[in-house]
Peer 1: 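The structure's right below; bear with me while I get my questions together.
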Protein chains: 2
Amino acid sequence: MNPHGQTLNEKPVQSLDDALERCQQLGMRLSRQRRFILELLWQEQEHLSAREIYNRLNQRGKDVGHTSVYQNLEALSQNGVIECIERSGGRLYGNISDSHSHVNCLDSDQILDIQVELPAALIEEVERKTGLKITDYRVEFYGCRVT
Amino acid sequence: MNPHGQTLNEKPVQSLDDALERCQQLGMRLSRQRRFILELLWQEQEHLSAREIYNRLNQRGKDVGHTSVYQNLEALSQNGVIECIERSGGRLYGNISDSHSHVNCLDSDQILDIQVELPAALIEEVERKTGLKITDYRVEFYGCRVT
DNA sequence: GTCGGTGCAAAGCTTTTGCATCTGC
DNA sequence: GCAGATGCAAAAGCTTTGCACCGAC
């Protein structure tokens, strides 16, 4: 298991349908509330906080209690159905594309997903230095608009 | 300014003395409380939460109010005197070595610092894809103990 | 029908804010 | 002396927990 709740070799969850299917494989029921949360995360490109997910759903008339939001986000991210990243102010959740690295725009709050592959030599060097077997990684880039 | 409050070319803060010096350069007074916080962060190798910093200082008889701890950590990290990273459960603060990437041990809570340099070609590719000028990056590695 | 899921209410924490007091320079 | 720093008290948020009820399968 990597920190996203998946092994690297496992078939990735790349769409809403994949997510729903994965839930069923895991024995997680597809409740109305769970669907709402997954639908929201696959509609939005951004990463959202639990509180924000709760607010958006309820603003749109899709009533879900905050307890359920928290419990679902925890369960879904633990099982690799959605992604959980940490930022100032707490955890943010988003759908899982095949990209696990992010480009953070310093001029706005925008966070872009990007696919990055590090050279094997670099990873081996890290393993040698730390004595750990590296199972996963993600890169956070910080950039600004070119004006 | 990068997210660590420094430009990449700026002389890095690499010791307690550097940190104290930097505070003075910035016009930040070296109050008793500010010193305690900086001393703690340069004693410890780990990254600590605001709450934990507050607890440790007060356990050791170095009384600092929690408001001061929060205000100081905010100001110091904004100014690049200390480092702020985000994890489940909130922000963690640590001293700044010249390493900005981390290796997260999945078998324990240990977070190791490591120096990583990405190939220029990789960075250029990210810039081309996103249209942003990349000013900084950090890599989060996840690894487990080899048994 | 069963067991996982839900959500109210309440508690528990962490973090922020207002503001009077203090202190480094 | 004065602007910056401190820290109490209180408010504001966010997240978790207990538990009775609900509903997906």
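The structure displayed is predicted, hence computed values, not measured ones. Every chain is numbered from 1 and lettered A, B, ... according to where its sequence line falls, protein lines coming before strand lines.
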Peer 1: Take the protein atom CZ of A/Phe36 and the nucleotide atom P of C/dG5, then report the distance between them rounded to whole Å.
Peer 2: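 Value for this atom pair: 17 Å.
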Peer 1: Locate the shortest heavy-atom distance separating B/Ala75 from B/Asn79; write the atom from each residue and the value.
Peer 2: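 For B/Ala75 and B/Asn79, the tightest heavy-atom pair comes out as O-ND2, 2.9 Å.
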Peer 1: With a 4.5 Å cut-off on side-chain heavy-atom distances among I, L, V, M, F, W and Y, is there a chain of contacts connecting B/Ile134 to B/Val116?
Peer 2: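 Yes, because B/Ile134 and B/Val116 connect within a single hydrophobic cluster, where side-chain heavy atoms sit under 4.5 Å apart.
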Peer 1: For D/dA5, take OP1 and OP2 only and decide whether either is under 4.0 Å from a side-chain N or O of B/Arg34.
Peer 2: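 For D/dA5, OP1 or OP2 has a side-chain N or O of B/Arg34 closer than 4.0 Å.
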Peer 1: So if I apply the side-chain hydrogen bond (donor to acceptor under 3.5 Å, both in side chains) rule between B/His47 and each of B/Glu83, B/Arg91, B/Glu52, which one comes out positive?
Peer 2: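 The option that passes is B/Glu83.
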Peer 1: Step through the shown structure and confirm whether more than 12 heavy atoms of other residues, nucleotides or ligands are within 6.0 Å of CD on B/Glu117.
Peer 2: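 Count not over threshold, so no.
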Peer 1: Counting only side-chain N and O atoms of B/Tyr70, is one of them less than 4.0 Å from OP1 or OP2 of C/dT16?
Peer 2: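 So the side-chain polar atoms of B/Tyr70 never come under 4.0 Å of the phosphate oxygens OP1 or OP2 of C/dT16.
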Peer 1: Measure from CD on A/Glu74 to C1' on D/dT15 and round the result to the nearest Å.
Peer 2: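 So the two atoms are 11 Å apart, to the nearest Å.
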Peer 1: How many Å lie between CG on B/Asp63 and C1' on D/dA5, as a whole number?
Peer 2: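 In whole Å, D/dA5 C1' and B/Asp63 CG are 16 Å from each other.
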Peer 1: Using a strict threshold of under 4.0 Å (side-chain N to carboxylate O), is an ion pair present between A/Glu39 and A/Arg60?
Peer 2: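 A salt bridge is absent here (no side-chain N lies under 4.0 Å from a carboxylate O).
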Peer 1: If I take atom CE in residue B/Met28 and atom P in nucleotide D/dA3, what distance separates them, rounded to the nearest angstrom?
Peer 2: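 For the pair B/Met28 CE and D/dA3 P, the rounded distance is 18 Å.
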Peer 1: For B/Ser31 and A/Arg35, take the nucleotide of DNA chain D holding the closest heavy atom to each; which residue's nucleotide lies nearer the 5' end?
Peer 2: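 The answer here is B/Ser31.
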Peer 1: Do A/Leu73 and A/Tyr70 belong to the same hydrophobic cluster, where Ile, Leu, Val, Met, Phe, Trp and Tyr are linked whenever their side-chain heavy atoms lie under 4.5 Å apart, directly or via other members?
Peer 2: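 Not linked; separate clusters.
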Peer 1: Respond yes when some side-chain nitrogen or oxygen of A/Gln71 is under 4.0 Å from OP1 or OP2 of C/dG7, and no when none is.
Peer 2: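 No.
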Peer 1: Separation of B/Leu26 atom CG from C/dG24 atom C1', in whole Å?
Peer 2: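 Rounding to the nearest Å, CG of B/Leu26 and C1' of C/dG24 are 16 Å apart.
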Peer 1: Grab the CZ-C1' distance between B/Arg91 and C/dC13 for me, whole Å please.
Peer 2: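 About 15 Å, once rounded to whole Å.
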Peer 1: Looking only at the side chain of A/His66 (C-beta and beyond, no hydrogens), which of the listed nucleotides C/dT6, C/dA10, D/dT17 gets closest?
Peer 2: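 Taking heavy atoms from C-beta onward, the closest nucleotide is C/dA10.
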Peer 1: Taking atom C1' of C/dT16 as reference, at what distance in whole Å does atom CG of B/Leu73 sit?
Peer 2: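 In whole Å, C/dT16 C1' lies 14 Å from B/Leu73 CG.
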Peer 1: Are A/Lys129 and A/Glu125 within salt-bridge range, i.e. N to O under 4.0 Å?
Peer 2: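 Yes, charged N to carboxylate O under 4.0 Å.
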Peer 1: Would you mind telling me which of D/dA5, C/dG5, D/dT6 lies closest to the side-chain atoms of B/Arg29?
Peer 2: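 The closest nucleotide is D/dA5.
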Peer 1: Let me spell it out: for each of A/Leu30 and B/Thr67, pick the nucleotide of DNA chain D with the closest heavy atom. Which residue's pick is nearer the 5' end?
Peer 2: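 This one resolves to B/Thr67.
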Peer 1: Less than 4.0 angstrom between a side-chain N/O of B/Ser68 and OP1 or OP2 of D/dG7, yes or no?
Peer 2: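 Checking D/dG7 against B/Ser68, a side-chain N or O does come within under 4.0 Å of OP1 or OP2.
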Peer 1: Using a cut-off of strictly less than 4.0 Å between a heavy atom of the residue and any atom of DNA chain D, enumerate the qualifying residues of residues 50-62 of chain B by number.
Peer 2: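 Here the set is empty: none.
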Peer 1: What is the distance, rounded to the nearest whole Å, between atom CZ of A/Arg32 and atom P of D/dC25?
Peer 2: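 Nearest whole value for this atom pair: 14 Å.
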